[in-house]
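Only one structure is covered here, and it is reproduced in the block below.
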Amino acid sequence: METLVPPHGGVLTERIVSSAEELSLREIAAASPSLVLDARELADLELLAVGAASPLRGFLGAADYESVLARMRLADGTVWPIPLTLAASDEDAAQLERGSQVALRDGRGYLWAVLTVSEVHRRNPLAEARAVYRTEDPAHPGVAYLLSRPVNLISGEVRAFPLPDDLPFGAHRLTPRQLRARIAANGWKRVAGFQTRNPIHRAHEHLTKLALEFTDGIVIHPLVGETKGDDVPAAVRFRAYEALLERYYPKDRTLLAAFPAAMRYAGPREALFHALVRKNYGISHLIVGRDHAGVGRYYGPLESQLIFDTFEPGELGVTPLRFDPTFFCRACDALASPRTCPHGPGERLDLSGSRVREILRSGGDLPREFTRPEVAEILRTHLGGAGRAAGQPRKSGFILWFTGLSGAGKSTLAERVREALSIERLIEVLDGDEVRTHLSRGLGFSREDRDTNIRRIGFVARLLARNGVAVVTAAISPYAETRAEMRRVADEEGIPFLEVYANASLDALMQRDVKGLYQKALRGEIAHFTGVSDPYEAPITPDLVVHTDRDPVEESASQVLGLLAARGLLLSRRAA
């Protein structure tokens, strides 16, 4: 392994503790306050834990954070273009001080790591947006994310537990040490890497095989963390990658591995980040295409390649492979690039993503010159296959799951969202009371019957979402385990799932309750009343909390629409 490119900073800074340390660290975690990480923070924590974020040992403090924003370097001068940060609410931040310990958990409550606090500092989200994304436009998914998060940042080194056994793509989720061992076992020294968040079409295939001409082997390293809502889900993409590599790549010169990072869409800075992090995996040459990690029109097409020229090659230690876009030229009857093809754009087979989706959803065939038939079939299955009327392209569906106590305003919010979105797409509301009337007649209010009702709502919601419908559910759904099941099943099918908690105090709910049901339940006159005589398990880490007892419905609805926009699901506010 000593023949491989050195890690960034010279050594892998793996943060997973040994088995001998694990028990004592769990005891520390049990006695410490907890922070619940969102999907991006969890992905960053995994990078830190396995050494992919070397030389970092934890989330950035103020000096490193400000230096990264200002000059794409850590405070000690090491090149590092993207700040890895951990946000906390005012309430959580107030509990922490220098030297204190905090347990880091995911939305299920699973314990991932313990952080030793070195600093609690604050960020200016717009200043970070201007530095990292070069825009304050909330239509940019990275900016939208920043604006949705608290401004308090918790910094400090992390000590991580062994990764959970149930992470997706477990067979391909190789740590830097594991991937380096595979590369070394193959005898490779010059190693190409291909970063992607999309299916691999013929043009991408051509670029990766060009890279194989002057390297010893290639690692197809698709990103599997959080992406925009309209990107092809990682589970679908991985089926396509496996099918492609099985038939069209040399097995002794190709490796497929999952890259656990979240997508930021930071253009040039993210291209540099992808290269430096891949160096930790043993990759010496990264393919950097035009508009790498871009979105909309925020970055020039060559900026992600040119950013490498602003640093000395020795301080990067990884070589960008800068390719022009490749296409099939009908006149040349071959894959070509602007450097090799003399013909104009009219001869080029160039299908946009929306056109690809339209063809596959209508049951049509993609040209073999554009994509391999195995890949096309996998995408067709994901997109729903056949038969919409001409002129009616289907949009990606999703599930917006409202949960909260009776009277918290779920149905009212669901209708406001329906009104806002109905002008641009198909949308359906599955109201809990209506579902009980038409689909769950005869069910009672035992735990088993309640779960059955929620699973029926989830099934119908997925059925609609698979066919391009935006689905809004409004049901109490009192049990966290069952809600988590609905999210997991939707995720497995590649359906975006967002949980919104309509939160209101019991006093406010009783004031709204014109039927007096809460009072009757408190007097014992109504059995199995959720929130009084039956439990309600409030979400720990919903995608959004709306406080319907203090905010007007217009404000809560605006927050929900903002969440949809941040996830790339609100068509009228997406990046161009």
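These values consider heavy atoms only, across backbone and side chains, with no hydrogens, waters or symmetry-generated copies.
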Run the ring-centre check on W401 versus F497 and record whether the distance is less than 6.0 Å. yes
Considering only residues two or more places apart or on different chains, which pairs with a residue in residues 212-239 satisfy ring pair (Phe, Tyr, Trp, His ring centres under 6.0 Å)? F169-F238, H172-F238, H221-F259, H221-Y281, F238-Y241
Flag yes if more than 12 heavy atoms outside K209 fall under 6.0 Å of its NZ atom; otherwise flag no. yes
Rounded at 0.5 Å granularity, tell me how far CZ in R239 sits from CD1 in I378. 6.5 Å
Exercise: identify the closest heavy-atom pair between C332 and C341: SG-SG, 3.8 Å
Do any N or O atoms from the side chain of R180 and from the backbone of V5 form a donor-acceptor pair under 3.5 angstrom? yes
Measure the CG-CD distance between L37 and E46 for me, rounded to the nearest 0.5 Å. 12.0 Å
Whether the Y133 and E128 side chains hold a donor-acceptor pair (N or O, under 3.5 Å, no angle test) is what I'd like checked. no
Charged N to carboxylate O under 4.0 angstrom, D324 versus R339? yes
Is NZ or CZ of R202 both nearer than 6.0 Å to the six-membered ring centre of F370 and within 45° of the ring axis? no
For H140 and Y265, indicate whether the former's side chain and the latter's backbone hold a donor-acceptor pair under 3.5 Å. yes
Quick one: do R297 and D291 make a salt bridge, cutoff under 4.0 Å? no
Roughly how far apart are E22 CD and R159 CZ, rounded to 0.5 Å? 12.5 Å
Can you tell me if S148 uses its side chain to pair, donor with acceptor, with the backbone of Y145 under 3.5 Å? yes
Parallel, tilted or perpendicular: which one describes the rings of W80 and F273, with boundaries at 30° and 60°? perpendicular
Indicate the atoms forming the closest heavy-atom contact of V114 with A29, along with that distance. CG2-CB, 3.7 Å
Check whether more than 12 heavy atoms from other residues, nucleotides or ligands sit under 6.0 Å from atom CZ of R190, and answer yes or no. yes
Whether N280 side chain and S54 backbone form a donor-acceptor pair below 3.5 Å: yes
Restricting to salt bridge (Lys or Arg N to Asp or Glu O under 4.0 Å), what partner residues turn up for D64, sequence neighbours left out? none
One pair to check against side chain to side chain contact (heavy atoms under 4.5 Å, CB included): L210 and F323. What are the steps and the verdict? CA-CA 9 Å; L210 284 177; F323 291 117; 4.2 Å; yes
Please answer whether the main-chain N or O of P168 pairs with a side-chain N or O of R173 as donor and acceptor at a distance below 3.5 Å. yes
Distance (rounded to the nearest 0.5 Å) between T175 OG1 and L47 CG: 12.0 Å
Measuring only between side-chain heavy atoms, which start at C-beta, is F328 closer than 4.5 Å to P367? no
Just by modelled atom types, is the D38 backbone N or O under 3.5 Å from a matching donor or acceptor in the E41 side chain? yes
Distance-minimising heavy-atom pair for I283 and G193: CG2-N, 3.5 Å
Evaluate the salt bridge (Lys or Arg N to Asp or Glu O under 4.0 Å) criterion for residues D309 and R322: first the C-alpha distance (whole Å), next the side-chain angles of each, then the deciding distance (0.1 Å), finally the verdict. CA-CA 12 Å; D309 296 335; R322 298 181 249 211; 3.0 Å; yes
Check L45, D44, V68 against L84 for a side-chain contact (heavy atoms from CB on, under 4.5 Å) and give me the one that passes. D44
State whether the side chain of T340 and the backbone N or O of A336 hold a donor-acceptor pair below 3.5 Å, judged by distance alone. no
Under a 3.5 Å threshold, yes or no: a donor from one side chain and an acceptor from the other, between S155 and Y65? no
Do R134 and Y299 meet the cation-pi criteria used here (NZ or CZ under 6.0 Å from the six-membered ring centre, within 45° of the axis)? no
Can you confirm whether the side chains of S67 and R73 place a donor and an acceptor under 3.5 Å from each other? no
Going through the checks in order, is the side chain to side chain contact (heavy atoms under 4.5 Å, CB included) test met by L569 and L498? CA-CA 11 Å; L569 298 171; L498 297 91; 3.4 Å; yes
State, yes or no, whether a side-chain contact exists between L86 and L115 at a heavy-atom distance under 4.5 Å. yes
Is any side-chain heavy atom of V489 closer than 4.5 Å to a side-chain heavy atom of R462? yes
Any side-chain donor-acceptor pair under 3.5 Å between R278 and Q195? yes
Side chains of F308 and L316: closer than 4.5 Å at any heavy-atom pair? yes
Tightest non-hydrogen contact, residues H343 and C329, listed as ND1-SG, 3.4 Å
Under 3.5 Å donor-acceptor, R237 side chain and L223 backbone: yes
Residue R368 excluded, over 12 heavy atoms near CZ under 6.0 Å: no
For the atom pair NE2 (H274) and NE2 (H292), what is the distance rounded to the nearest 0.5 Å? 5.0 Å
Please assess I218 against I287 for the test side chain to side chain contact (heavy atoms under 4.5 Å, CB included), listing each intermediate value before the final yes or no. CA-CA 10 Å; I218 188 166; I287 296 172; 4.2 Å; yes
Is the backbone N or O of D216 less than 3.5 Å from a side-chain atom of R253, with the two atoms forming a donor-acceptor pair by type? yes
T78 side chain to D76 side chain, donor-acceptor N/O pair below 3.5 angstrom: yes
Do you know the tightest heavy-atom contact between L272 and V79? CD2-CG1, 4.0 Å
Is there a side-chain contact between R483 and M486, using heavy atoms and a 4.5 Å cut-off? no
Residues E21 and S18: side-chain donor-acceptor under 3.5 angstrom: yes
Considering only heavy atoms from C-beta outward, does the side chain of Q178 approach that of V50 to under 4.5 Å? no
Looking at residues at least two apart in the chain, or sitting in another chain, which of them share a side chain to side chain donor-acceptor pair (under 3.5 Å) with R57? E157
How close do K251 and E246 get, counting heavy atoms only, and between which atoms? NZ-O, 2.9 Å
Closer than 3.5 angstrom, by distance alone: can the side chain of R15 be matched with the main-chain N or O of L48 as a donor-acceptor pair? no
Are L60 and L74 packed together at the side-chain level, in the sense that at least one heavy-atom pair is separated by less than 4.5 angstrom? yes
Cation over ring face, R105 and Y110, 6.0 Å, 45°: no
So if I apply the side-chain contact (heavy atoms from CB on, under 4.5 Å) rule between L244 and each of E374, R372, H204, which one comes out positive? R372
Could you walk me through whether F327 and L349 pass the side chain to side chain contact (heavy atoms under 4.5 Å, CB included) check? CA-CA 6 Å; F327 47 82; L349 178 57; over 6 Å; no
Go through the side-chain N and O atoms of T371 and H201 and say whether any donor and acceptor fall under 3.5 Å apart. yes
Determine, for E369 against R330, whether the closest basic-nitrogen to carboxylate-oxygen distance falls under 4.0 angstrom. no
Is the shortest side-chain heavy-atom distance between D543 and R567 below 4.5 Å? yes
Which value, rounded to the nearest 0.5 Å, describes the distance between W188 atom CH2 and D252 atom CG? 8.0 Å
